[in-house]
Amino acid sequence: MLTEANAYFAKHLDRVYWNGLDESTREAVLEMAQNDVAALLTGAAASALESDSGRKAVYEQAVFLARNHTQLTSGKIVTGQSLDGVGSQQFTLLNAAAPNLSPRAKAFLDQAKRESRPGVIRFNRG
């Protein structure tokens, strides 16, 4: 999977960041990302992990984990500090809807789920 991820990031805005990670870190975040994405795919959708969109979800999740691992383990990110008087900090929870999932990974994951159900037809009343 590392070879495919390296090829994906060769034409990605995070190329320099990805290439700056050592190989063992890249392998670790890919493993973690694959587990994260697989945990969200149940039943028939589990096969979506092998689709193009499923793999892209893993790669996006991998770079997200590498960039944000420290913040993700605390579940929040400092967005402001005040040093006057007693002092205070403001926090924003990371992606409250799916706290440990990259927004780009979620988009690819949703697409992979849709692709895994080719027989589903949606009707809208207009």
Side-chain angles (χ1 to χ4, degrees):
M1 179 175 278
L2 181 58
T3 302
E4 294 86 2
N6 289 340
Y8 176 78
F9 284 111
K11 296 178 183 177
H12 194 285
L13 289 175
D14 281 320
R15 175 185 70 248
V16 173
Y17 179 79
W18 182 256
N19 290 333
L21 299 172
D22 62 68
E23 188 171 317
S24 64
T25 299
R26 284 186 265 172
E27 289 173 347
V29 296
L30 282 168
E31 181 73 24
M32 290 173 67
Q34 188 169 13
N35 291 337
D36 287 353
V37 172
L40 298 171
L41 294 170
T42 58
S47 64
L49 189 59
E50 299 305 318
S51 71
D52 185 55
S53 297
R55 287 189 301 272
K56 287 177 181 177
V58 170
Y59 306 150
E60 291 294 338
Q61 180 66 6
V63 78
F64 178 78
L65 288 171
R67 280 192 179 277
N68 299 295
H69 187 261
T70 302
Q71 292 90 347
L72 289 170
T73 56
S74 70
K76 58 189 176 187
I77 202 167
V78 177
T79 58
Q81 289 185 318
S82 174
L83 301 176
D84 298 331
V86 177
S88 66
Q89 287 186 324
Q90 296 173 347
F91 298 96
T92 299
L93 296 178
L94 291 174
N95 195 8
N100 296 322
L101 186 65
S102 155
R104 288 183 50 84
K106 182 175 181 342
F108 284 120
L109 183 59
D110 290 346
Q111 182 177 347
K113 286 179 181 178
R114 285 190 303 274
E115 290 168 356
S116 72
R117 303 180 305 214
V120 174
I121 300 172
R122 294 184 186 195
F123 293 96
N124 293 322
R125 292 170 58 133

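The model shown is predicted, which means the values in this text are computed figures rather than measured ones.
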Might you point out which heavy atoms bring [X] and [Y] nearest each other, and give the distance in Å?
X      : Y     : result
Arg15  : Ala10 : CD-O, 3.3 Å
Ala112 : Ser51 : CB-OG, 3.7 Å
Trp18  : Asn6  : NE1-OD1, 2.7 Å
Leu21  : Thr25 : CD2-CG2, 4.1 Å
Ala33  : Ala62 : CB-N, 3.4 Å

Measuring from [X]:[atom1] to [Y]:[atom2], what's the distance to the nearest 0.5 Å?
X     : Y     : atom1 : atom2 : answer
Leu30 : Arg55 : CG    : CZ    : 13.0 Å
Glu60 : His12 : CD    : NE2   : 3.5 Å
Gln34 : Met1  : CD    : CE    : 4.0 Å
Asn19 : Arg26 : CG    : CZ    : 6.0 Å

Which residues satisfy the side-chain contact (heavy atoms from CB on, under 4.5 Å) test with Asp110, sequence neighbours excluded?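 Partners of Asp110 by the side-chain contact (heavy atoms from CB on, under 4.5 Å) criterion, ordered by chain and then number, come out as Lys106, Arg114.
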Ring-plane angle category for Tyr8 and Phe108, please: parallel below 30°, perpendicular beyond 60°, tilted otherwise.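 Because their plane-to-plane angle is over 60°, the rings of Tyr8 and Phe108 count as perpendicular.
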What residues, two or more places apart in sequence or in another chain, satisfy salt bridge (Lys or Arg N to Asp or Glu O under 4.0 Å) together with Arg67?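 Arg67 satisfies salt bridge (Lys or Arg N to Asp or Glu O under 4.0 Å) with Asp14 once adjacent residues are dropped.
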